S.K.: 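The structure is given below, and queries will be raised subsequently.
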Amino acid sequence: MSKIWFITGANRGFGLEIAKAALVAGDRVVATGRDVAALQDAYAAYADAVLCLPLDVSREADAVHAVEQAVARFGRIDVLVNNAGYGQLGLFEAIGADDIERQFATNVFGLMHVTRAVLPVMRRQRDGHVINIASVGGFRGFDVAAVYCATKFAVDGFSASLAPELAGFNIRVTVVEPGFFRTDFLDASSVRYGTRTIADYAALPRPPLSTYEAYNHRQPGDPAKLGRAFVELAAMPTPPLHFVAGSDALGMARETFGQRLAEVEAHAALSASLDRDDA
């Protein structure tokens, strides 16, 4: 049975590759993004199988309207892919409050706006799959990426907490944590950097921003393969809550969670000693 996908940020990168993989599988797609003309160009070859809709996820009313149009056209939404987002990099102190709030408005609150708009549809259906794209930066920190990682940790925590709330309606939740993939994520058109200069940090040993810039379009991950993996995840009767994507992500997950467990055990006696004596 073909599925109806609702994908945010679908004009390029992960969103485009996920949509293309779903279409190849015989499904239909609601492709959303801020630039509807770019969407129409990207999906011109797919005719009635794709509905292109304007959507700025940071505006809740946009999300509600787009979902209403999607249901009016296709009758249901089977898979929601919350992909829209961008990277705010730079030293935490070099990033202004407005830029931090803008990062959360898209990466976290925007994702929540769209999810809130779609869930009533899935509850009526008693079926659905919410797939949220986080990052390896959602389970481990990276230098000069504190703000971006904070948003992705939020997406990870939101997804893990949302899943048990929706389980009774047969709505599955998966949070995908990709490593570094060859997309436009590190291009100037997507990533943003802090604008403040703080001389005190210059003497500290830390990877410069040029490390990320030099890595652009040299990442190991293949976005087309990730798109096909999303189709596989959507077809699973019991998909994972967490899915790390890419060999680098797999290595980082093993290292990070191994270190975390070792840290927990190293201080287990102090942790256990904090219960009330009469507990």
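Since the structure is predicted, the reported quantities are computational estimates derived from the model, not experimental observations.
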S.K.: Which pairs pass ring-ring contact (aromatic ring centres under 6.0 Å, His included) with one or both residues in residues 111-139, sequence neighbours excluded?
M.R.: Phe139-Phe257
S.K.: Could you measure the distance from the CD1 atom of Ile77 to the NZ atom of Lys3? Nearest 0.5 Å is fine.
M.R.: 15.0 Å
S.K.: Quick one: does any side-chain atom of Asn83 pair with a main-chain N or O of Gly9 as donor and acceptor, under 3.5 Å?
M.R.: yes
S.K.: More than 12 heavy atoms of other residues, nucleotides or ligands under 6.0 Å from CZ of Arg116: is that the case?
M.R.: yes
S.K.: Between Thr32 (side chain) and Ile7 (backbone), is there a donor-acceptor pair under 3.5 Å?
M.R.: yes
S.K.: Apply side-chain contact (heavy atoms from CB on, under 4.5 Å) to Phe230 and Val81, showing your working.
M.R.: CA-CA 9 Å; Phe230 269 67; Val81 178; 3.9 Å; yes
S.K.: So how far is it from Leu23 CG to Ile18 CD1, rounded to the nearest 0.5 Å?
M.R.: 12.0 Å
S.K.: Could I get the full list of salt bridge (Lys or Arg N to Asp or Glu O under 4.0 Å) partners for Glu255, not counting sequence neighbours?
M.R.: Arg140
S.K.: Using the six-membered ring wherever Trp is involved, compare the ring planes of Phe142 and Phe180 and label them parallel, tilted or perpendicular (cut-offs 30° and 60°).
M.R.: perpendicular
S.K.: Going by the rule side-chain hydrogen bond (donor to acceptor under 3.5 Å, both in side chains), which residues pair with Thr151 if we only count those two or more places apart in sequence or in a different chain?
M.R.: Asn107
S.K.: Go through it in stages, so that I can follow the logic: the residues are Val30 and Leu53, the test is side-chain contact (heavy atoms from CB on, under 4.5 Å), and I'd like the CA-CA distance, side-chain angles, deciding distance and then a yes or no.
M.R.: CA-CA 7 Å; Val30 181; Leu53 296 176; 3.7 Å; yes
S.K.: With a 3.5 Å cut-off and sequence neighbours excluded, list the donor-acceptor pairs that the side chains of residues 63-74 form with protein atoms.
M.R.:
unit_1: His65; atom_1: NE2; unit_2: Gln69; atom_2: OE1; d: 3.4
unit_1: Arg73; atom_1: NH2; unit_2: Asp48; atom_2: O; d: 3.1

S.K.: Which of these, Val121, Val114, Ile171, Ile131, sits in a side-chain contact (heavy atoms from CB on, under 4.5 Å) with Leu80?
M.R.: Val114
S.K.: So which atom in Gly87 and which in Tyr148 form the shortest heavy-atom distance, rounded to 0.1 Å?
M.R.: CA-CD1, 3.6 Å
S.K.: Show me the pairs that pass salt bridge (charged side-chain N to carboxylate O under 4.0 Å, His left out) and involve residues 146-169, at least two apart or across chains.
M.R.: none
S.K.: Is the shortest side-chain heavy-atom distance between Met112 and Phe158 below 4.5 Å?
M.R.: yes
S.K.: With clusters defined by side-chain heavy atoms of hydrophobic residues (ILVMFWY) lying less than 4.5 Å apart, directly or transitively, does Phe6 cluster with Phe109?
M.R.: yes
S.K.: Using atom types as modelled and distance alone, determine if a side-chain donor or acceptor of Tyr86 lies under 3.5 Å from a backbone N or O of Gln103.
M.R.: yes
S.K.: Output, in order, the C-alpha distance, side-chain angles, deciding distance and verdict of salt bridge (charged side-chain N to carboxylate O under 4.0 Å, His left out) for Arg260 and Glu263.
M.R.: CA-CA 5 Å; Arg260 189 170 299 177; Glu263 190 173 44; over 6 Å; no
S.K.: Under 3.5 Å, sequence neighbours excluded: what are the donor-acceptor pairs made by side chains of residues 264-271?
M.R.:
unit_1: Ser271; atom_1: OG; unit_2: His267; atom_2: O; d: 3.1

S.K.: Which heavy atom of Arg76 sits nearest a heavy atom of Asp127, and at what distance?
M.R.: NH2-OD2, 3.9 Å
S.K.: Distance check, rounded to the nearest 0.5 Å: Ile133 atom CD1 versus Phe14 atom CZ?
M.R.: 6.5 Å
S.K.: Determine the minimum heavy-atom distance between Gly90 and Ile95, stating which atoms define it.
M.R.: O-CD1, 3.6 Å
S.K.: Hey, is the main chain of Ala10 close enough, under 3.5 Å, to the side chain of Tyr43 for a donor-acceptor pair?
M.R.: yes
S.K.: Show the numbers, then the answer: is there a side-chain hydrogen bond (donor to acceptor under 3.5 Å, both in side chains) between Asn132 and Thr174?
M.R.: CA-CA 6 Å; Asn132 295 326; Thr174 297; over 6 Å; no
